[in-house]
Amino acid sequence: MNFVGDSAKLKNDAIGNQIYDMLSRLVTDKDACLYYNHPFYRGDIESDLISAKLFLVSRDFGLILFNYLPMGEMQSNLAEYVDTLYAEISGRMLKRTELRSNRRLKYDITPIIIVSDSEAKEDESGNIISDIDGLPETIRDLKRDLPIPKDLFDLILSCIDGTVSLNIKRERISDEKKIKVRILNEIQNHIASFDIEQRQIADVDFDGPQRIRGLAGSGKTIVLAYKAAAFHARYPDKEILYTYYTKSLGETVKSLIRRAFKNYSNGGEPNWEKVTVCHGWGSEWTPGVYWIACKDNGITPLTLSEATGHREEPFSYACKELLKRPLTPKYDLILIDEGQDFRAPFYQLCYRLSTNRKISWAYDDFQNIFDVKIQDEVKTFGYDDAGKPNVEFEAGNALQDVTLKKCYRNPRYTLIYAFALGLGIYNDRVLQRLASNDQWESLGFHVEQGDSVTGDQMVISRPMENTPSYSNEAFDDKCVEICTANSMMEECRTVAEKIAKCIRTDGLRPEDICVICIDHKSISGYLSTIERLLRKDGIDTFNHLTAPYTSTRFFVKDAVTLTSVNRAKGNECGAVFICGTDVVFNDKDNVVLRDKLFTAMTRTKGWLYISGTGDSMAYLKEEISQLKKNRFKLIFRQPDESDTKTIEDVSRATLRAEDAIASQINALKSLGLDETQIKTILENLVKKA
């Protein structure tokens, strides 16, 4: 039996703890969920908040709603309270035809009211009245002859959590010949449901700091949005901040919060005066956390140009300067998405803006596009005036540092490809390492052989159960396709042709498709060429490079999205085309470029096309070939930590030098120097060095 709730609060609840202990012994159904203080429902006024004390959802025992009062308290209308809660939960389930039979629930809810002294009996409303001592026998009598079927059981849980309406549906015309659109429709129509780890994060009102770790597609954004909606429903007058790094994530987040809030408020709209959803930095046109904090405290915000040119990265510098000033705490709940892309000064700013240390942040170790290390929460949040850490996780507190193992977005093979290429497993030398077997396991992999600590020969596999079964059935290793072209123009033409086929032959909608250029120096040429070719073929595009700077959208209806790696983060598409990939394998030991490739690959929830030009693509194909020979297992000798650190330092220094040199070359060109003159200057500099 799975428990969903705050175990620390349950221990202080004498009656609840007794019921939990009894059910732990009695209910052996591994799928069963016992909710504590959930589900809840908010009416029109603050006093209308009602919630289940304990709610058991079991395939063997059905749905049992427990309610009671703390020791020594009396309430004459407890039965009426239970009836209202029963009506709310059953109403959610009745909306699903699969759970109805002759307009009634196939699996009804049994309310049990716990009293101090009573033999088991029913009241006028059909509620069972029982005391603690008689409860085991009462529960045994409710055991079903046949368990609830697994698919309907999962649907019941999704109705309770409110995830049943989570998927955004798009109309696509399907027939048997259009295999891709049929698969995408099936994925879209699959009933969304939280797994136990997601349920623990989303449904539990946890006091204090909380980190949520997981790969791309593990549902971090969704559970943060549900936390925001649930907190807003419980405490409508409290201030909530939801912040993120990628500008285009904003509309997605607001949509998720809106849909989640309807679940708690019978269709109501969030009060956006109390729920602030904004970018980390911001400006006068698009307010962000930093900008709002400055305005709230009568401080003039630094612009990008004013924050640039110091030893630190501009945003970190701006946050550090602001932290030197007195700031008034404002937010009762702070949620930080894409936490891996923020540096410590921003976390410390959020901490200063918190009224109560109630901060939850999502963190993905494998999307460290910038110079961000695996997180140490103590160093990240800093210390108080007495030298005590502002945030330090407590040993044994499972709710403080939660890892989501299951990946719902990426097909299993895509994720294996991404790890193999991202870590350089089958490169001449392994480029990146995970420090321990536990870290591999926490990310949903299985260590078949070796110890990561002692530098062993490692054998790592990805279990089928850590990808949804419907995805495993739909996608095999052929969902990833590698394309090599002789020129950039040929590559762009091939991408455009394949996109047209996806739309016209396979039935995908244009907004199901995204093109990500990984070559940041040639991105303008790639995206403008693909845009021109698609428009010539009657296909509209949404090019992020030419969109207004203030735009927060990632998709536009009936248009193919053309974007960069950074702007694609946090988003997903049915089919993803990655172009300019040769830039990664021209410098195949560069871990920064490998990280970007990993991030781009994990944007797809269906098909992935990777393209590039030149001889360097042979390195990519060889790495893929080795992966296939090893039956999609990661087999390698664990590298030494000092080796991978050196590789990383060289990678970052190389990219910084290239960017600096490119900037100087452009400056020389603007003065009228031609390529021959510039080449002579560079050759002389190399000789002098």
Side-chain angles (χ1 to χ4, degrees), residues 4 33 35 38-39 92 154-155 157-170 187-206 210-233 240-246 248-265 270 275 277 333-340 359-364 367 399 402-410 415 443-444 466-468 470-471 554-555 568-574 602-605:
V4 180
C33 270
Y35 294 89
H38 190 87
R92 299 180 187 185
D154 290 341
L155 178 55
L157 291 178
S158 70
C159 288
I160 292 166
D161 293 327
T163 55
V164 69
S165 59
L166 193 59
N167 289 344
I168 298 175
K169 296 193 174 183
R170 291 173 177 159
I187 293 173
Q188 172 182 277
N189 293 330
H190 180 80
I191 299 299
S193 179
F194 283 148
D195 59 36
I196 187 60
E197 287 86 6
Q198 292 173 322
R199 200 166 278 128
Q200 275 285 65
I201 301 166
D203 294 343
V204 177
D205 183 21
F206 181 69
Q210 179 186 49
R211 179 169 59 194
I212 304 157
R213 302 178 76 172
L215 293 171
S218 57
K220 300 184 296 298
T221 296
I222 290 170
V223 296
L224 283 183
Y226 268 70
K227 281 182 78 71
F231 189 83
H232 185 45
I240 299 171
L241 170 66
Y242 190 120
T243 185
Y244 46 86
Y245 191 90
T246 305
S248 59
L249 194 58
E251 290 303 315
T252 299
V253 169
K254 290 193 79 169
S255 175
L256 285 170
I257 293 174
R258 183 179 288 111
R259 280 184 284 153
F261 187 72
K262 288 179 179 179
N263 177 61
Y264 301 114
S265 63
V275 183
V277 177
L333 172 66
I334 296 179
L335 302 162
I336 304 172
D337 208 343
E338 305 180 304
Q340 70 279 352
I359 304 173
S360 293
W361 67 101
Y363 195 91
D364 183 347
Q367 289 195 48
L399 285 175
V402 186
T403 301
L404 305 177
K405 294 182 180 180
K406 202 164 187 175
C407 182
Y408 290 89
R409 175 192 300 154
N410 308 130
L415 203 56
L443 293 170
N466 286 338
T467 302
Y470 59 83
S471 180
F554 186 76
F555 302 101
K569 287 175 72 272
N571 294 284
E572 61 184 33
C573 276
T602 52
R603 297 309 94 204
T604 184
K605 57 182 178 180

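- Separation of atoms CZ (Phe206) and CD (Gln200) is listed at 10.5 Å; rounding is to 0.5 Å.
- Contact between Ser360 and Ile212 at its shortest, heavy atoms only, is CB-CD1, 4.5 Å.
- Contact between Tyr408 and Pro468 at its shortest, heavy atoms only, is CD2-CG, 3.6 Å.
- Two residues are said to be in side-chain contact when any heavy atoms from C-beta on lie closer than 4.5 Å; Glu197 and Ser218 fail this criterion.
- Considering only residues two or more places apart in sequence or on other chains, Asp161 meets the salt bridge (Lys or Arg N to Asp or Glu O under 4.0 Å) condition with Arg199.
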request  = Verify side-chain contact (heavy atoms from CB on, under 4.5 Å) between Leu404 and Ile201, making sure each step is shown before the conclusion.
outcome  = CA-CA 10 Å; Leu404 305 177; Ile201 301 166; 3.7 Å; yes
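- The backbone N or O of Gly214 lies less than 3.5 Å from a partner atom in the side chain of Lys220, making a donor-acceptor pair.
- Considering only heavy atoms from C-beta on, Leu157 comes within 4.5 Å of Tyr35 through its side chain.
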request  = Start with the C-alpha distance between Arg603 and Arg409, add both sets of side-chain angles, then the distance that settles side-chain contact (heavy atoms from CB on, under 4.5 Å), and finish with yes or no.
outcome  = CA-CA 8 Å; Arg603 297 309 94 204; Arg409 175 192 300 154; 3.0 Å; yes
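- In this structure, Phe261 and His232 have tilted ring planes: the angle between them lies in the 30° to 60° band.
- Of the inter-residue distances, the one linking Ile334 atom CD1 with Leu241 atom CG reads 5.5 Å to the nearest 0.5 angstrom.
- Taking Glu338 as the reference, Lys569 meet the salt bridge (Lys or Arg N to Asp or Glu O under 4.0 Å) condition, with sequence neighbours excluded.
- Here the shortest heavy-atom pairing between Gly574 and Thr604 reads O-OG1, 3.5 Å.
- Among all heavy-atom pairs drawn from Val277 and Gly250, the shortest one is CG1-O, 4.1 Å.
- Here the shortest heavy-atom pairing between Val402 and Gln210 reads CG2-NE2, 4.3 Å.
- For the side chain to side chain contact (heavy atoms under 4.5 Å, CB included) test, residues two or more places apart in sequence or in another chain that qualify with Thr252 are Leu249, Leu256, Asn571.
- Counting all heavy atoms, side chain and backbone alike, Asn410 lies closest to Thr602 at ND2-O, 3.1 Å.
- Side chains of Ile222 and Gln198 form no contact here, defined as non-hydrogen atoms less than 4.5 Å apart.
- In this structure, the side chains of Tyr226 and Tyr264 come closer than 4.5 Å at one or more pairs of heavy atoms.
- Of the N and O atoms on the side chains of Asp337 and Thr221, at least one donor lies less than 3.5 Å from an acceptor on the other residue.
- The CD atom of Gln340 lies 10.5 Å from the OH atom of Tyr245; values are rounded to the nearest 0.5 Å.
- Side-chain contact between Val204 and Leu399 is present, with heavy atoms from C-beta onward closer than 4.5 Å.
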